[in-house]
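To start, the structure itself, in structure tokens.
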Amino acid sequence: MHDLVRPTESARLPSIGVRIERARLTYGGVRLFDGLDFELEGGRCTCLLGPSGVGKTTLLRLIAGLADPEPPTVLAAEDGKPLDGRVAYMAQQDLLLPWLGALDNVLLGPRLRGEAVGAALVDRARGLLDAVGLGDRLQARPAELSGGMRQRVALARTLMEDRPVVLMDEPFSALDAITRLRLQELAAGLLAGRTVLLVTHDPLEALRIGHRIHVMAGQPAEIGPAISPEGSPPRPADDPALLVRQAELLRRLSS
Amino acid sequence: MHDLVRPTESARLPSIGVRIERARLTYGGVRLFDGLDFELEGGRCTCLLGPSGVGKTTLLRLIAGLADPEPPTVLAAEDGKPLDGRVAYMAQQDLLLPWLGALDNVLLGPRLRGEAVGAALVDRARGLLDAVGLGDRLQARPAELSGGMRQRVALARTLMEDRPVVLMDEPFSALDAITRLRLQELAAGLLAGRTVLLVTHDPLEALRIGHRIHVMAGQPAEIGPAISPEGSPPRPADDPALLVRQAELLRRLSS
Amino acid sequence: QDKLTVLLDWFVNPDHAPLYVAREMGYFRDAGLEVEMIAPADPNDPPKLVAAGRADLAISYQPQLQMQAAEGLPLTRIGTLVATPLNTVVVLADGPVKSIADLKGRKVGYSVGGLEDALLGAMLENAGLKLSDVELVNVNFSLSPALLSGQVDAVVGAYRNFELNQLDIEGKAGRAFYPEEHGVPPYDELVIVANREKAADPRLPRFLDAVERGTLYLMNHPDESWKLFVKANPELDDELNRRAWRDTLPRFAHSPAALDARRYERFARFLKERELIGEVPRLADYAVELR
Amino acid sequence: MMRAVRPMVRPLVTAAVLIAAWQALVWATGVPRFILPDPARVAMALWERAGLIGYHALFTIGEILGGLALGVVLGAATALTLSYFRPARRWLMPVLVFSQAIPVFALAPLLVLWLGYGMASKVAMATLIIYFPVTSAFFDGLRRTEPGWLDLARTMGGSRWSTLVRIRLPAALPAFASGLRVATAVAPIGAVVGEWVGASAGLGYLMLHANGRMQVDLMFAALLTLAAIAVALYFAVDALLRRALPWQPDNNPDEERD
Amino acid sequence: MMRAVRPMVRPLVTAAVLIAAWQALVWATGVPRFILPDPARVAMALWERAGLIGYHALFTIGEILGGLALGVVLGAATALTLSYFRPARRWLMPVLVFSQAIPVFALAPLLVLWLGYGMASKVAMATLIIYFPVTSAFFDGLRRTEPGWLDLARTMGGSRWSTLVRIRLPAALPAFASGLRVATAVAPIGAVVGEWVGASAGLGYLMLHANGRMQVDLMFAALLTLAAIAVALYFAVDALLRRALPWQPDNNPDEERD
Ligand SMILES: Nc1ncnc2c1ncn2[C@@H]1O[C@H](COP(=O)(O)OP(=O)(O)OP(=O)(O)O)[C@@H](O)[C@H]1O
Ligand SMILES: Nc1ncnc2c1ncn2[C@@H]1O[C@H](COP(=O)(O)OP(=O)(O)OP(=O)(O)O)[C@@H](O)[C@H]1O
Ligand SMILES: [Mg+2]
Ligand SMILES: [Mg+2]
């Protein structure tokens, strides 16, 4: 693993849990959530699966502070302080800025915060792009990149953020199986010790890198009990125990 | 399967193979293809896998007539006639028109061709949307739909096209495992007898619905020999033979 | 009733009194004419449009007519409306300029009509100065405001019947220098022009007769005339126009159809001297006395 | 309640503030009343000459609407032509820009010669002024279509015409709306400039007339009326456009939640 | 070879075609030369009075550039203010529209009173004309930002200011460019109208003067010069804008491959 991509202070980041209680949210008259409770364990990776359109993205956005929940929704961090400024969010779309090259897209966060973008930050961004396999496309604009490449730039940008809470919405969906495995490992490594919520459609992916795995279903949506596979992530993809778990997950998903 | 969604004349569509020879294409000085040969067998479903950024989308666009190949590239249909007007193309992005509701997005093709959009066509579009699980969101604009829902609308739009050659770029990437299985079956059923090229990152998906499966790799990109699983698609997802094949595919992908 | 279109030189104002009185008194109708009067915004346009055949008659200025004739426009004067110059150089009475000679080194505002700088040049030379001794500024729409607000020290192109009253109403007395008293030959301010090719139009003498009747009524019954005028143009019913009306009365041509050939020729020579025209046009080509 | 009342109150408050500012300006700068009369004087003129102003306003409104309709139709047609024919783009665009630089007084005699002194020449002038913003903005919008949609239309076998109608046009509507907003705001001045060509009615005529005769109060009263028409028209069009383009993102920085 | 020559040839051909059309118009309509002189006459005037016209053109160019610079800066600033402060939007927008409807001749004495007869009043006039298209288009662009980017900026902890600079501004550049194109095309008329307000130099002044003297040839020669300046300026700005926004899709229907 590249040393550069891991910020020096990351080890010192405190891990914070996040709790959401009695969430309620309505879109166009339809109750998407009603009394939904959910918890992200501090320092752990929680994976969320569920049918398309059930509200996974909406839940992520709610935690990121981007959706407007209705009362009596409560969103709270374990340490009682507000979540603002402690969350990194990777959306389902890549949301790259078309006028910036890959490197500048990755450096967007520090620039937006008005941090001095010195050699250290640039090197880290370079390192991250290198780690996602785009070390030779630093200046490429989004329009010149393939779908998977764009997703990888967005992933690098999210990892650049170095926040205690990281929310990722299908971050590997546009990647081939091999790249996906590599990047799962990269992400799991870099995000170790952080509170991660990862939405995915791939049960195996969830089983590889999740500490806890939940299935969301129904309308209004409910979140099922956690599955906690043994061992610590990233688990090897060919672990036979995972295949057994996968069958269980698929069963839950199809019920 | 809904009867409505299958156009009456579909049985009569002749199946045409497509051949691409000595393809050459350069982007920004880099030879993406150089002397690439590839064939789509008529009436069969060919699946294409390969690392992100290798050129799968570009190849698809080339066949769709949307990329400008350089000489000595040859693109030809088996029957010698031009491909124009006989190809349906589903891009990697959903490309829904934001000002149209789901139903109108699905009806875009006939409208663009100036066909009279009568009750029959509307019913078929409705039926397709119903089949992809959006029967209750006919009027929803893209901005009101989740990522997976948008992809399903795009899929319905492609199926609506009823063309002998169908090119699909990661059509199920944003869908959960269960919906994906269902829609794979739907697509395999509706597209039976057509010449299909399907780009996917999911080896199992390729194994379930592909007659022939190719792996693309390298720079310039080369396309490996076909894997032809036994039985006819859609194959059951829990077929143990598939798992064996999957291991082989993964080996090819990672080489 | 024959229709006749008359393009005014500018917006309706007391200078056009004879026309309106003739219309309101029914003199045009008596002459078998139905006269439509149209106001343009740019005084340069009406003669062009008459020359182009778009209208029957235009109200214009003698100097302009002569310049246009020299440029070859097929126009001819058939009558006179205002028979003295109206143009003046105006300064504030309590200002530093007591004589034309005091203008040396000062700013003079003008509204581009084509003639103003020539007039001023002649007046300055008459006082021993040159045109280059003053700074000319085109102030277009706002002669009085420019003078009142001290933007310029003098304005040329101000009308003696208007701008002086305007200054007075604003509480400032103006001092006028009359061109004809400072080396500029006298001329007819407002003339009626027709297309030269159509000078024999039988409607024209009838029109002039009606204008003459209007002028005479106007002089005989100034107060009644004023009432007629503001009835036709209610927006003009104010102090300024009332005063302008009074000051314009003595300046109307008593005999609108009469032509003073020497006056025209004298002024044409002046224009040539000032290099406003290249050749002195033949009088008969641009001015007639209808029979 | 409060919310329902507000939309009615705001214009009144704006007007009040403007009038106060105007009065303050007059007091502070001591600008003479023949250059800028104070509000009271103008209000008086507005009141006393309401009939006259209203009569002239009717003409001007007619010209504005005529010019707007014609300008928008011609502008849209030109933008389409420009974007559909490369030769048009190459040869016509310079001509259009050229036409923008022609001052009224050069054109006026021509317009009158061809169109006469009636409504037509004024509508033509207003059209000319409105025409370019619409053309330019719409043309810009038409050529900024998302390439993916065009690819889609191509594979679907859409003709140029249907691609235009179904994809390029709706995609360019926000840009068109932008141009239309500018056009709406300049339409009144277009009509007034048109009256410059020669008129016997209309607010522009009235203003010029009043100006020429130093009836500055009346001029400003007419001007206020014209401006009020302009503002009303602008907001009507703006509201209409917003309603017509519901899918378009519309966010303002100060509405960002913090 | 051919391709290299073309960009030089096209304007000449356009000019030739225009001149031919003009000549044809003169012949066909028989419009008298004191209303629309024929090209040869104007060319002669252009040639004989080149020095005079050049002298006045310099002033006008200065005014155009000044007005353009000021108008764009002020317009951009206003658009930012409008989009950043809801009150500004609510109260200022009507005022802006209002201001658009004020005819020059009402404003002229005020401008001259405050700015004098020098360059300043003309630049102010040109600025005023350029201002609104820029403001309106840019403001429209600023509020049409892709909501996803704003969400991103929010979670990244971007301040309003940095979100503006890094996201909203670049995203609004295409719209801004649209407005700038319109502004560039109307800037020359702005300068000429400014000279109308009171001037002793400039092409507008020269035209008025020639018009008054019935030197219609000279007037049209000055007009041609003005229009040429306008066209040159427009295409320079257009080329600049295209170069500055390389990421923006730019496709024209007639370039669609069939
Ligand atoms: N418009 C373009 N300009 C320059 N390079 C491009 C352009 N489009 C694609 N490329 C390059 O071509 C290569 C192939 O891209 P393509 O989209 O075909 O990949 P892909 O195999 O579909 O990848 P993915 O699985 O990530 O979608 C990439 O390296 C990409 O950067
Ligand atoms: N802006 C909106 N307006 C109206 N409805 C919306 C809006 N955004 C989302 N929805 C609805 O909310 C529901 C949940 O959407 P969400 O994007 O959270 O789904 P998801 O679980 O992320 O699905 P996917 O796996 O397809 O991404 C969907 O039914 C969608 O139609
Ligand atoms: Mg989602
Ligand atoms: Mg791809």
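Protein chains get the first letters and strands the later ones, always in sequence-line order, with residue 1 at the start of each. In this text, all values refer to a predicted model and were calculated from it rather than measured experimentally.
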_For chain D, the option from E:Gly190, E:Ala185, E:Ala153, E:Ser136 that forms the most heavy-atom pairs under 4.5 Å_ =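 Heavy-atom pairs under 4.5 Å are most numerous for E:Ala185.
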
*First locate atom CG of D:Asp238, then atom CG of E:Asp140, and finally report the distance between them rounded to the nearest 0.5 Å.*
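Going from CG on D:Asp238 over to CG on E:Asp140, the span is 8.0 Å.
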
*Among D:Pro133, D:Ala175, D:Ser178, who wins on heavy-atom pairs under 4.5 Å with chain E?*
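When all of D:Pro133, D:Ala175, D:Ser178 are compared, D:Ser178 has the most.
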
*Go through D:Pro174, D:Ala137, D:Ala228, D:Pro188 and name the one with the most non-hydrogen pairs under 4.5 angstrom from chain E.*
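Option with the greatest count: D:Pro174.
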
_Under 4.5 Å from any heavy atom of chain E, what part of D:Leu25 do you find: side chain, backbone, both or neither?_
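Answer is side chain: those atoms of D:Leu25 sit under 4.5 Å from chain E.
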
